[in-house]
Amino acid sequence: MRNDRAFVLVKPDGVQRGLIGTVVSRFESRGLKIVAMRMLRLDREIVERYYAEHVEKDFFEDLVGFITSGPVIAMIVQGPDVVSVVRRMVGTTDSKEASPGTIRGDFGISKQMNIIHASDSPESAEREISILFSDDEIQDFERIDGPWTA
Ligand code: CMP
């Protein structure tokens, strides 16, 4: 599992509150590798593909409105068991219930303004990565520090 990949999105609230660097820094400090990154504005079609499992939910229209309201940062994070490691670092969906020390627990405001989306399984990571990134946009390199080089 040493080269697992997770898809991570810094949502418009994270960008507008100046937290891009903080989020990236947490992953880098943990020894994970950022192997692709892009700033863009999502549109409804992409959001429907990303959140296909939520399209029928009550909150979906609010989610579309929020997530398309400003630029986002899409990235791929790589490392051993990265999906579960990143999910633990991100914290639970509702920021008010997220543990201190997690990204949402330290910076999130609500269930919707929760700073970040991260893949919930290796399968969804690969699906989410393929929506926004082509193979030639993904880099690889070795970290020279720490025990966590992947
Ligand atoms: P995320 O992990 O990106 O996955 C789906 C997103 O929908 C979730 O974070 C929240 O930002 C958003 N959302 C808004 N309302 C709800 C809700 N009631 N339940 C779950 N997710 C919600």
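Heads up: numbering here begins at 1 and tracks the sequence. Hydrogens, waters and symmetry mates are skipped; everything else that's a heavy atom, side chains included, is used. We count ligands from 1, going down the list as the structure has it; atoms in each ligand are counted the same way.
The protein heavy-atom contact nearest to atom 9 (O) of ligand 1 is Lys11 NZ, 3.1 Å. Atom 4 (O) of ligand 1 has as its closest protein heavy atom Tyr51 CE2, 3.4 Å. When hydrogens are left out, the protein atom nearest atom 12 (C) of ligand 1 is Leu63 CD1, 3.9 Å; that is the closest non-hydrogen contact. The nearest heavy-atom contact from the protein to atom 10 (C) of ligand 1 is Lys111 O, 3.1 Å. The shortest contact between atom 21 (N) of ligand 1 and any protein heavy atom is with Phe59 CZ, 3.5 Å.
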Begin from the C-alpha positions of Arg44 and Glu48 and carry the test salt bridge (charged side-chain N to carboxylate O under 4.0 Å, His left out) through to its verdict.
CA-CA 6 Å; Arg44 169 175 278 273; Glu48 286 180 356; 3.1 Å; yes

**Request:** Kindly determine whether Glu137 and Ser134 satisfy side-chain hydrogen bond (donor to acceptor under 3.5 Å, both in side chains), including the steps that lead there.
**Result:** CA-CA 6 Å; Glu137 292 174 299; Ser134 54; 3.2 Å; yes

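At a heavy-atom distance under 4.0 Å, no atom of Asp58 approaches ligand 1.
Remark: ligand 1 atoms within the under-4.0 Å shell around heavy atoms of His54 are 5 (C). Proximity to Arg104 (heavy-atom distance under 4.0 Å) selects the following atoms of ligand 1: 1 (P), 2 (O), 9 (O).
Between the side chain of Ser119 and the backbone N or O of Ser124, no donor-acceptor pair lies under 3.5 Å. Judged by distance alone, the side chain of Arg104 and the main-chain N or O of Ile116 form a donor-acceptor pair under 3.5 Å. When atom types are taken as modelled, the side chain of Arg143 and the backbone of Glu28 share a donor-acceptor pair closer than 3.5 angstrom.
For the pair Met39 and Val15, the minimum side-chain heavy-atom distance is below 4.5 Å.
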